[in-house]
Amino acid sequence: MAKYQDLANSIIRGDNIASKEIAEKLVADGVSATEILNNGLMPGMNVVGKKFKANEMYIPEVLIAARAMHAAMDIIKPLLSETGEEGKGSIAIGTVQGDLHDIGKNLVGMMLEGGGYDVVDLGVDIPAEKYIETIKKNKIKVVGLSALLTTTMPGMKDIIDALKADPETAGTKVMVGGAPLTQEYADSIGADGYAPDSASAVDLADKLMGHI
Ligand code: B1M
């Protein structure tokens, strides 16, 4: 559909007004949030990633693209949350210390909310102490760690070790995700689960929370 390409293009050129309007139009036409995400937003962000890597786009342009992505995500968020499921418990999520990437983490948060969870979103650049404090305060059983950089991935192990070292948080299950991660890496740092994308993050949360 040409509208999907228009949406992807609006992300690539960082036009947050157009991305919002096209997302609104697609929603009004009855297109599902998942289709908008998979056919418009993700392809757009993938092009941004490729151009960034090839030095054809620079940080300011990527940030503007991220703003356009968030503008469209705000439109589809209520649809992602409309599954009718509720009351499955609280999950805390955050991007690990040193890492400012939050688009994927925000998507995971939206999908978890849609899956019936109360999500405590800590934000980005989160040190171990902050996860521990939040887990204790909110009696969190599952915490999600996101990392997009190979340089910040190792910080996940430090957080997992810190959680295990504290009797009050030792039983908390840890799920990890982010583009550079693999199941093997997740296993090697002692995570309880790895999800490659936001949809499988909900299945994983259900498993870790004992719902399936
Ligand atoms: Co960054 N960046 N960036 N960047 N950036 C990457 C990650 C990079 C791969 C680009 C590249 O070179 N091709 C590269 C990392 C290379 C590496 O580590 N080997 C990179 C770099 C190098 C950097 C800087 C160091 C650049 C610099 O300063 N020289 C810098 C670091 C800043 C920092 O964090 N300290 C930097 C900065 C930025 C911006 C600020 C400009 C911006 C972030 C804006 C924002 O997030 N608000 C940015 C962006 C946007 C990207 C790319 C282009 C896109 C990331 C994204 O949002 N993807 C990215 C290239 C790429 O990935 N193709 C890149 C879309 C998103 C929906 O996917 O985040 O993978 P993703 O999330 C997925 C899954 O991974 C999974 O589900 C999500 C949905 O399906 N998932 C989870 C994610 N978290 C999960 C948690 C879970 C479960 C699943 O459980 C808890």
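Whatever order the structure lists them in is the order used to number ligands and atoms, beginning at 1. FYI, the numbering just counts along the sequence from 1.
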Using side chain to side chain contact (heavy atoms under 4.5 Å, CB included), reason through Met175 and Leu208 one step at a time and then give a plain yes or no.
CA-CA 8 Å; Met175 55 191 273; Leu208 295 177; 3.8 Å; yes
Given the rule in the side chain to side chain contact (heavy atoms under 4.5 Å, CB included) test, do Leu100 and Thr95 qualify, once you have shown the distances and angles that lead to the verdict?
CA-CA 7 Å; Leu100 303 175; Thr95 304; over 6 Å; no
Apply salt bridge (Lys or Arg N to Asp or Glu O under 4.0 Å) to the pair Lys3 and Asp29, showing each step before the final yes or no.
CA-CA 11 Å; Lys3 278 276 166 205; Asp29 289 347; over 6 Å; no
Any chance you could lay out the side chain to side chain contact (heavy atoms under 4.5 Å, CB included) test for Val143 and Ile91, step after step, and finish with the verdict?
CA-CA 6 Å; Val143 63; Ile91 295 184; over 6 Å; no
For Leu37 and Ile76, what are the C-alpha separation, side-chain angles and deciding distance, and is it a side chain to side chain contact (heavy atoms under 4.5 Å, CB included)?
CA-CA 8 Å; Leu37 192 58; Ile76 63 169; 4.1 Å; yes
Report the C-alpha separation of Glu24 and Lys20 in whole Å, then their side-chain angles, then the decisive distance to 0.1 Å, and conclude whether the salt bridge (Lys or Arg N to Asp or Glu O under 4.0 Å) test is met.
CA-CA 6 Å; Glu24 281 170 343; Lys20 179 174 179 279; 3.1 Å; yes
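Ile59 CD1, 4.2 Å is the protein heavy atom nearest to atom 29 (N) of ligand 1. When hydrogens are left out, the protein atom nearest atom 19 (N) of ligand 1 is Thr150 OG1, 3.2 Å; that is the closest non-hydrogen contact. In this structure, the protein non-hydrogen atom closest to atom 84 (N) of ligand 1 is Ser146 OG, 2.8 Å. At the shortest separation from atom 40 (C) of ligand 1 among protein heavy atoms lies Leu63 CD2, 3.7 Å. Here the protein heavy atom with the shortest distance to atom 6 (C) of ligand 1 is His101 NE2, 3.8 Å. Nearest non-hydrogen protein atom to atom 13 (N) of ligand 1 is Lys53 CB, 3.3 Å. With hydrogens left out, the protein atom closest to atom 72 (O) of ligand 1 is Gly104 CA, 3.2 Å, a heavy atom. Atom 58 (N) of ligand 1 has as its closest protein heavy atom Met45 CG, 4.0 Å.
Lys105 and Asp121 are joined by a salt bridge, as a carboxylate oxygen and a charged side-chain nitrogen come within less than 4.0 angstrom of each other.
Note that NE2 of His70 and CE of Met73 are 4.5 Å apart. Values are rounded to the nearest 0.5 Å. Taken from CD in Glu129 to CD1 in Ile159, the straight-line distance is 9.0 Å, to the nearest 0.5 Å.
The backbone N or O of Tyr58 lies less than 3.5 Å from a partner atom in the side chain of Glu61, making a donor-acceptor pair. Side chain of His211 to backbone of Lys88: a donor-acceptor contact under 3.5 angstrom is found.
Using a 4.0 Å cutoff on heavy atoms, Lys50 does not count as a contact of ligand 1. By the 4.0 Å heavy-atom criterion, Pro60 is excluded from the residues contacting ligand 1. At least one heavy atom of Gly178 lies less than 4.0 angstrom from ligand 1. Remark: distances from the non-hydrogen atoms of Thr151 to ligand 1 are all 4.0 Å or more. Residue-ligand proximity: Leu145 is placed with a non-hydrogen atom under 4.0 Å from ligand 1.
Only the backbone of Val176 comes within contact range of ligand 1, with a heavy atom under 4.0 Å; no side-chain atom does.
In this structure, Tyr4 and Glu35 have side chains that are in contact, with non-hydrogen atoms separated by less than 4.5 Å. With a 4.5 Å cut-off on side-chain heavy atoms, Gln97 and Ile126 do not count as touching. Proximity of Lys207 to Asp203: side-chain heavy atoms (C-beta onward) are nowhere separated by under 4.5 Å. The side-chain heavy atoms of Leu107 and Met42, taken from C-beta on, include a pair separated by under 4.5 Å.
Every atom of ligand 1 with a heavy atom of Val62 under 4.0 Å away is listed here by number and element: 41 (C), 42 (C), 48 (C), 49 (C), 50 (C). Close approach to Leu149 involves these atoms of ligand 1, each under 4.0 Å from a residue heavy atom: 15 (C), 18 (O), 20 (C), 21 (C), 23 (C), 31 (C), 33 (C), 34 (O). Every atom of ligand 1 is numbered from 1 in the order shown, and the set under 4.0 Å from a heavy atom of Met175 is 90 (O), 91 (C). Heavy-atom proximity to Met42, at under 4.0 Å, picks out these atoms of ligand 1: 67 (C). The Asp102 neighbourhood of ligand 1 comprises atoms 45 (C), 46 (O), 47 (N), with distances under 4.0 Å to a heavy atom of that residue. Every atom of ligand 1 is numbered from 1 in the order shown, and the set under 4.0 Å from a heavy atom of Leu107 is 67 (C), 79 (C). Counting the atoms of ligand 1 from 1 in the order shown, those under 4.0 Å from a heavy atom of Ala195 are 88 (C), 89 (C). Against a heavy-atom cut-off of under 4.0 Å, Asp99 is close to the following atoms of ligand 1: 34 (O).
Counting only heavy atoms, the protein gets under 4.0 Å from atom 27 (C) of ligand 1. There is no protein heavy atom less than 4.0 angstrom from atom 24 (C) of ligand 1. When distances from atom 8 (C) of ligand 1 to the protein are checked, no heavy atom turns up under 4.0 Å. Distance screen at 4.0 Å: atom 16 (C) of ligand 1 has no protein heavy-atom neighbour inside the cut-off. Distance check on atom 33 (C) of ligand 1: some protein heavy atom falls below the 4.0 Å cut-off. When distances from atom 52 (C) of ligand 1 to the protein are checked, no heavy atom turns up under 4.0 Å.
When the shell of 6.0 Å around NZ of Lys136 is examined, it contains more than 12 heavy atoms from other residues, nucleotides or ligands.
In plain terms, the two heavy atoms of Ser10 and Ala68 that are nearest each other are O-CB, 4.0 Å.
There is a side-chain donor-acceptor pair under 3.5 Å between Asp197 and Ser200. With hydrogens and angles left out, the side-chain atoms of Asp206 and Tyr117 include a donor and acceptor closer than 3.5 Å.
Residue Ala179 has at least one N or O atom closer than 3.5 Å to an N or O atom of ligand 1. Here's the thing with Asp197: none of its N/O atoms is less than 3.5 angstrom from an N/O atom of ligand 1. Residue contacts with ligand 1: Lys105 is placed with no nitrogen or oxygen under 3.5 Å of a nitrogen or oxygen of the ligand (distance criterion only). In terms of polar-atom proximity, Leu100 is counted as a contact of ligand 1, with an N or O under 3.5 Å from an N or O of the ligand.
Between the choices Ala199, Ala205, Gly177, Gly144, the shortest heavy-atom distance to atom 86 (C) of ligand 1 belongs to Gly177.
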